[in-house]
Enquirer: 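Can you keep this structure in mind? I'll have questions shortly.
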Amino acid sequence: MTPSDGTHLTDQDLTMSQKQHITDVLMVGATGSIGRLAVEAAQRHGLRPRALVRDVRRAERLLLGVELVRGDLEDPASLRNAVGGADAIVLTHGSGGDPETRRRVDYGGVRNLLQAFDGAQPRVALMTSIYATRSDIPGNSPWKRRSERLLRASGLPYTIVRPGWFDQAGPTQRRLVLEQGGTADGGIARDQIAETLVRSLLMDTALGKTFELIAEEGKEPSDWAGLFGALKSDESGSVDGVLDPADLPVEAEPRAVRADLDAVRSLNGSSG
């Protein structure tokens, strides 16, 4: 099987997918610019994507031949059927709005999905932002960082990808740079974000890791296992990514945010 972008689905990729029994992947944010590319990447890698959509008629025009399931991240009841049977979840949703919208969608959507799993243990690839932990950026909000914390607290197998500026990379900047600590800055092509999210589902070396993602001058990666493997794992029991700045202590968070963390831990039997 040869993807249209020139990369090849390796035997290692197939082995990892089979080993982890990942076939059905729920795509959240599937009609967005990254989400549509993630659907295509999942198909190239032999996975079966299922798109969570609010407007089925509109989605049918954007996602030809893809299974659609109606659901709304702000409506917890609508998500229970959508997540059923999913081996993995790819989340590329984002509000791009004011802090209140980010609270409801960027953060609240992750919380509502985690609650809908009802004991299931799908593997999760979550896209947030390269600025997720940056409190020094004017207008930046902590809601994406809080959504990451919910996922870590859930105890589910996960990878968290913090991409740089969409499409702010030239055509010959295809060498992926994965960094940790929240200080990275730079651009990345949308197709590379989508590919990284889907590849992370196929690699044990990507499990339990959070990283910033940018591209620099050079060729496409050929050793994805090694690329993920060079990263530090998030500390067991911590709700923050490894090397994240300690400038948003959980004990100082709003009561509702702390309650959400406790609820997610309880739902999934995690004590971290």
Enquirer: Does the S200 side chain pair with the main chain of L197, one donor and one acceptor, at a distance under 3.5 Å?
Expert: yes

Enquirer: Tell me if a side-chain donor or acceptor on E148 pairs with a main-chain N or O of T128 at a distance below 3.5 Å.
Expert: no

Enquirer: Got a sec, which pairs hit salt bridge (charged side-chain N to carboxylate O under 4.0 Å, His left out) with one end in residues 47-57, sequence neighbours left out?
Expert: D24-R48

Enquirer: Is the side chain of S147 donor-acceptor paired with the backbone N or O of K144 at a distance under 3.5 Å, no angle test?
Expert: yes

Enquirer: Strictly by salt bridge (charged side-chain N to carboxylate O under 4.0 Å, His left out), give each pair with a member in residues 131-140 just once, sequence neighbours left out.
Expert: R134-D136

Enquirer: How close do A153 and R265 get, counting heavy atoms only, and between which atoms?
Expert: O-CG, 3.5 Å

Enquirer: Between L261 and V239, which heavy-atom pair has the shortest distance, and what is it?
Expert: CD2-CG1, 4.3 Å

Enquirer: When clusters are formed by joining ILVMFWY residues with side-chain heavy atoms under 4.5 Å apart, either directly or through shared neighbours, do L201 and L37 land in the same one?
Expert: no

Enquirer: I'd like to know whether F211 forms a side chain to side chain contact (heavy atoms under 4.5 Å, CB included) with I160, so could you lay out the CA-CA distance, the side-chain angles of the two residues, the decisive distance to 0.1 Å, and finally the verdict.
Expert: CA-CA 7 Å; F211 56 90; I160 297 173; over 6 Å; no

Enquirer: Is a side-chain donor or acceptor of N140 paired with a backbone partner of I137 at a separation under 3.5 angstrom?
Expert: no

Enquirer: Can you pull the ring-ring contact (aromatic ring centres under 6.0 Å, His included) pairs that have at least one residue in residues 61-92, sequence neighbours excluded?
Expert: none

Enquirer: Taking it one step at a time, do L47 and I22 satisfy side chain to side chain contact (heavy atoms under 4.5 Å, CB included)?
Expert: CA-CA 7 Å; L47 304 176; I22 293 176; 4.0 Å; yes

Enquirer: Could you state the interatomic distance from OG1 (T205) to CG (L231), rounded to the nearest 0.5 Å?
Expert: 8.5 Å

Enquirer: For E60, give me all partners under side-chain hydrogen bond (donor to acceptor under 3.5 Å, both in side chains), at least two apart in sequence or on another chain.
Expert: none

Enquirer: Can you check whether F228 reaches L207 side chain to side chain, under 4.5 Å on heavy atoms?
Expert: no

Enquirer: Anything under 3.5 Å between a donor and an acceptor, one on a side chain of residues 63-81, the other on a protein residue two or more places apart or in another chain? List them.
Expert:
unit_1	atom_1	unit_2	atom_2	d
D72	OD1	E74	N	2.9
E74	OE1	R104	NE	2.8
D75	OD1	A77	N	3.4
S78	OG	D72	N	2.9
S78	OG	D72	O	3.2
S78	OG	D75	O	2.7

Enquirer: Once you round to the nearest 0.5 Å, how far does CG of L178 lie from CD1 of I214?
Expert: 9.5 Å

Enquirer: Measure the shortest side-chain to side-chain distance between L156 and P122 over non-hydrogen atoms and say whether it is less than 4.5 angstrom.
Expert: yes

Enquirer: Run the side chain to side chain contact (heavy atoms under 4.5 Å, CB included) test against L62 and tell me which residues pass, sequence neighbours left out.
Expert: T31, R36, R58

Enquirer: So, E195 versus H45: side-chain donor-acceptor pair below 3.5 Å or not?
Expert: yes

Enquirer: Should V161 and V39 be counted in the same cluster of Ile, Leu, Val, Met, Phe, Trp and Tyr side chains packed under 4.5 Å apart?
Expert: yes

Enquirer: Filter on side chain to side chain donor-acceptor pair (under 3.5 Å), then keep only pairs touching residues 207-218, sequence neighbours left out; what's left?
Expert: R152-T210, R162-E212, T172-E217, R175-E216, T210-D234

Enquirer: Set out, in order, the CA-CA distance, both residues' side-chain angles and the distance that settles salt bridge (charged side-chain N to carboxylate O under 4.0 Å, His left out) for R174 and D191, then state yes or no.
Expert: CA-CA 10 Å; R174 302 295 291 180; D191 69 297; 2.7 Å; yes

Enquirer: Write down the atom of P245, the atom of G181, and the distance for their closest heavy-atom approach.
Expert: CD-O, 4.0 Å

Enquirer: Are V90 and W224 in one and the same hydrophobic cluster, where Ile, Leu, Val, Met, Phe, Trp and Tyr link if side-chain heavy atoms are under 4.5 Å apart?
Expert: yes

Enquirer: How close do V83 and A116 get, heavy atom to heavy atom, and via which atoms?
Expert: CG2-O, 3.6 Å

Enquirer: Any non-hydrogen side-chain atom of T92 less than 4.5 Å from a side-chain atom of L126?
Expert: no

Enquirer: Which distance, rounded to the nearest 0.5 Å, do you find between the OG of S129 and the CG of D106?
Expert: 9.5 Å

Enquirer: Between CG of L113 and CG of L52, what distance do you get to the nearest 0.5 Å?
Expert: 7.0 Å

Enquirer: So which pairs with a foot in residues 246-255 pass salt bridge (charged side-chain N to carboxylate O under 4.0 Å, His left out), sequence neighbours left out?
Expert: R145-D247, R146-E253, R149-E253

Enquirer: How close do L227 and P221 get, heavy atom to heavy atom, and via which atoms?
Expert: CD2-CB, 4.2 Å

Enquirer: Name all residues meeting the ring-ring contact (aromatic ring centres under 6.0 Å, His included) criterion together with Y131; count only those two or more places apart in sequence or in a different chain, and write none if there are none.
Expert: W165

Enquirer: Looking only at atom types and distance, does a side-chain atom of N112 sit under 3.5 Å from a main-chain N or O of G108, one as donor and one as acceptor?
Expert: yes

Enquirer: Which residue is it: I34, T159, L213, T196? I am looking for the one with a side chain to side chain contact (heavy atoms under 4.5 Å, CB included) to M127.
Expert: I34

Enquirer: Hydrophobic side-chain clustering at under 4.5 Å (ILVMFWY, transitive links): who's grouped with V242? Put none if nobody.
Expert: L243

Enquirer: Can you spot which of L176, V198, I188 makes a side chain to side chain contact (heavy atoms under 4.5 Å, CB included) with I193?
Expert: I188

Enquirer: What heavy-atom pair brings A59 and V53 nearest, and what distance separates the two atoms?
Expert: CB-CG1, 3.6 Å

Enquirer: Looking at residues at least two apart in the chain, or sitting in another chain, which of them share a side-chain hydrogen bond (donor to acceptor under 3.5 Å, both in side chains) with R102?
Expert: none

Enquirer: Looking at OG of S238 and CG of D244, how far apart are the two atoms once the value is rounded to the nearest 0.5 Å?
Expert: 8.0 Å

Enquirer: Can you pull out every ring-ring contact (aromatic ring centres under 6.0 Å, His included) where at least one residue sits in residues 133-154? Sequence neighbours excluded, please.
Expert: Y107-W143

Enquirer: Would you sort out whether V110 and H93 count as a side chain to side chain contact (heavy atoms under 4.5 Å, CB included), showing the intermediate values?
Expert: CA-CA 9 Å; V110 172; H93 69 294; 3.8 Å; yes

Enquirer: Start with the C-alpha distance between I89 and R123, add both sets of side-chain angles, then the distance that settles side chain to side chain contact (heavy atoms under 4.5 Å, CB included), and finish with yes or no.
Expert: CA-CA 6 Å; I89 318 286; R123 184 156 173 170; over 6 Å; no

